[in-house]
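Here the structure is laid out as structure tokens; the discussion comes afterwards.
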There are 2 protein chains.
Amino acid sequence: MTAPATRGRPGPRRALTQDQILDAALSLLDDGGANAASVRGIAAKIGVAPNAVYTYFPDKAAVVKALVERLLGEADHAAFADRNQPWRQRMETLALELRAQLTAHPGAVPLVIGGPMDGPQALALNERLLELLADAGLKPTTAARASYLLFVYVFGSIALEVADVQRPGPLPPESERIATRHLAFSAIPADPYPRAAAATTAMASFISTKQYIWGLHRVLDGII
Amino acid sequence: MTAPATRGRPGPRRALTQDQILDAALSLLDDGGANAASVRGIAAKIGVAPNAVYTYFPDKAAVVKALVERLLGEADHAAFADRNQPWRQRMETLALELRAQLTAHPGAVPLVIGGPMDGPQALALNERLLELLADAGLKPTTAARASYLLFVYVFGSIALEVADVQRPGPLPPESERIATRHLAFSAIPADPYPRAAAATTAMASFISTKQYIWGLHRVLDGII
DNA sequence: GATATAATCTGTACACTGTACAGAAAAAAA
DNA sequence: TTTTTTTCTGTACAGTGTACAGATTATATC
């Protein structure tokens, strides 16, 4: 798959692989946040000169694109491709899988939603969704619309969730993040925001799995 | 409102205002994309040394934060605060208003969804949503959940829409963007993606106002 | 095998980025 | 008038992406 296409031509053997570069990039993102995956940082991590990276990718954008593809591909499609399970269940599995995959790399999330989702893995994901929605009884065009809506919901949720924490590094446990939000929201004055001020506890927990599933079900209810 | 708080103290008069800086930043974003709003660019645009900006904002993040607040605040709340209209209508007005406001500045969108939406204007928006959903008959906690869901939908949609074009500058007209997508999607092979390949025309138009409204209605249907 | 060819990787360099620090000019307070 | 405080500038530093020119290395050709 990731075989070097340049064997049988002159020149020294490649010392690196694309995957090594992506590994390094992801690792930097994981403990440095979205801006930590610099070309120089990547190169340093694998012990090579900065511009050696450009042998494997034309520019940084290509690295990011490949990394996004890889992250999307790492979601296990097998689980929700199982047509024996009820479709809502499969949808839930898919949504949770994607969320788990992406929130495990919060620094990468801005990169995922920062570019067009038109790579092979995004298309594959879309295809699984279309199958699933067909099984749910939707006509192709409605299924396509619904698939896009679900994309919006899933990636929108994840984006808002990771945007909520500013410190780089792995996402703290849900409970801790909720506690932080609660603290922040407790400062909301009742004067201009009476309704928000009265709902701070609820609002604090909107980054939770529970709310994520609740929202998913509302969307699915709307699609029917 | 934005009065200089430092009058009645020694020192030369300020040559700039925060708004001038935000104007410059927005203008740079508008015709250079999300990375174009550099401190140096802003300073050059208003004819001042780069570090003069730091008199008005502690760092670049603060500039971005203020700019986001301003963009959110520029949505006209009056239209959908009118309780005489049916609530679905008001919701539609709100959603369209926000989309228009943000897609008018595509370069700013990554900045909007890149940080926590907890500023005064985000809270004000949330408050309007809560009022609206209360008028729709929802109980406070359900209204709060639904409000967050709508945030996710609106900003998620806008983010995906803006991420779809890579060239900086103003968003091309919808028809042109759809045509571009159509062209790109026409290359989708039927082999691994039969369903997607059969729906390219539909998929191309998912960045449209029509799809946006359709999705909104599905979400509202789900909320009831 | 010797030679030509083409692909790696490195060193250096350039134009950018955010921002820290030191100083000069300016205006109000004393 | 002198002191004090603020604003803005100049300079500087570490960091960014990446272009360019070699040196090195392996293959293909003669």
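A note on names: the letters A, B, ... follow the listed sequences, proteins ahead of strands, and every chain is numbered from 1.
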Legend entry - Within residues 55-66 of chain A, residues whose heavy atoms come under 4.0 Å of DNA chain D: A/D59, A/K60
Legend entry - For A/E69, salt bridge (charged side-chain N to carboxylate O under 4.0 Å, His left out) partners two or more places apart: none
Inset, instruction - Could you name each residue pair satisfying ring-ring contact (aromatic ring centres under 6.0 Å, His included) that touches residues 28-75 of chain B, not counting sequence neighbours? - result: none
Would you be so kind as to tabulate the donor-acceptor pairs closer than 3.5 Å made by side chains of residues 170-179 of chain B, with sequence neighbours excluded?
residue, atom, partner, partner atom, Å
B/E174, OE1, B/T209, N, 3.3
B/E174, OE2, B/R99, NH2, 3.4
B/E174, OE2, B/T209, N, 3.2
B/E174, OE2, B/T209, OG1, 2.8
B/R177, NH1, B/P172, O, 3.3
B/R177, NH2, B/E161, OE2, 2.4

Inset, instruction - Just jot down the salt bridge (charged side-chain N to carboxylate O under 4.0 Å, His left out) partners of B/D30, sequence neighbours excluded, or say none. - result: none
Inset, instruction - Examine D/dT27: is either OP1 or OP2 under 4.0 Å from a nitrogen or oxygen in the side chain of A/R13? Give yes or no. - result: yes
Without placing hydrogens or testing angles, list every side-chain donor-acceptor pair under 3.5 Å for residues 185-199 of chain B, not counting sequence neighbours.
residue, atom, partner, partner atom, Å
B/S186, OG, B/L183, O, 2.6
B/Y193, OH, A/P120, O, 3.2

Inset, instruction - Could you tell me which residues satisfy salt bridge (charged side-chain N to carboxylate O under 4.0 Å, His left out) with B/R70, sequence neighbours excluded, listed by chain and number? - result: B/D19, B/D23, B/E74
Legend entry - d(CG, B/L16; P, D/dC8) in whole Å: 6 Å
Inset, instruction - Using the test side chain to side chain contact (heavy atoms under 4.5 Å, CB included), find all partners of B/R145 that sit at least two apart in sequence or belong to another chain. - result: A/F206, A/K210, A/Q211, A/W214
Legend entry - Neighbour count above 12 (heavy atom, 6.0 Å) for B/N35 CG: no
Legend entry - Any residue meeting side chain to side chain contact (heavy atoms under 4.5 Å, CB included) with A/S147, in chain and number order, not counting sequence neighbours: A/N126, A/L129, A/L130, A/L133, A/F151
Side chains of residues 108-118 of chain A: which donor-acceptor partners sit under 3.5 Å, not counting sequence neighbours?
none

Inset, instruction - In whole angstrom, give the distance that lies between atom CD of A/Q18 and atom P of C/dT8. - result: 11 Å
Tabulate atom names and distances for all N/O pairs under 3.5 angstrom spanning the protein and nucleotides 28-30 of chain D.
residue, atom, partner, partner atom, Å
D/dA28, OP1, A/G8, O, 3.2

Legend entry - Residues within residues 35-42 of chain B bordering DNA chain D, heavy-atom distance below 4.0 Å: B/R40
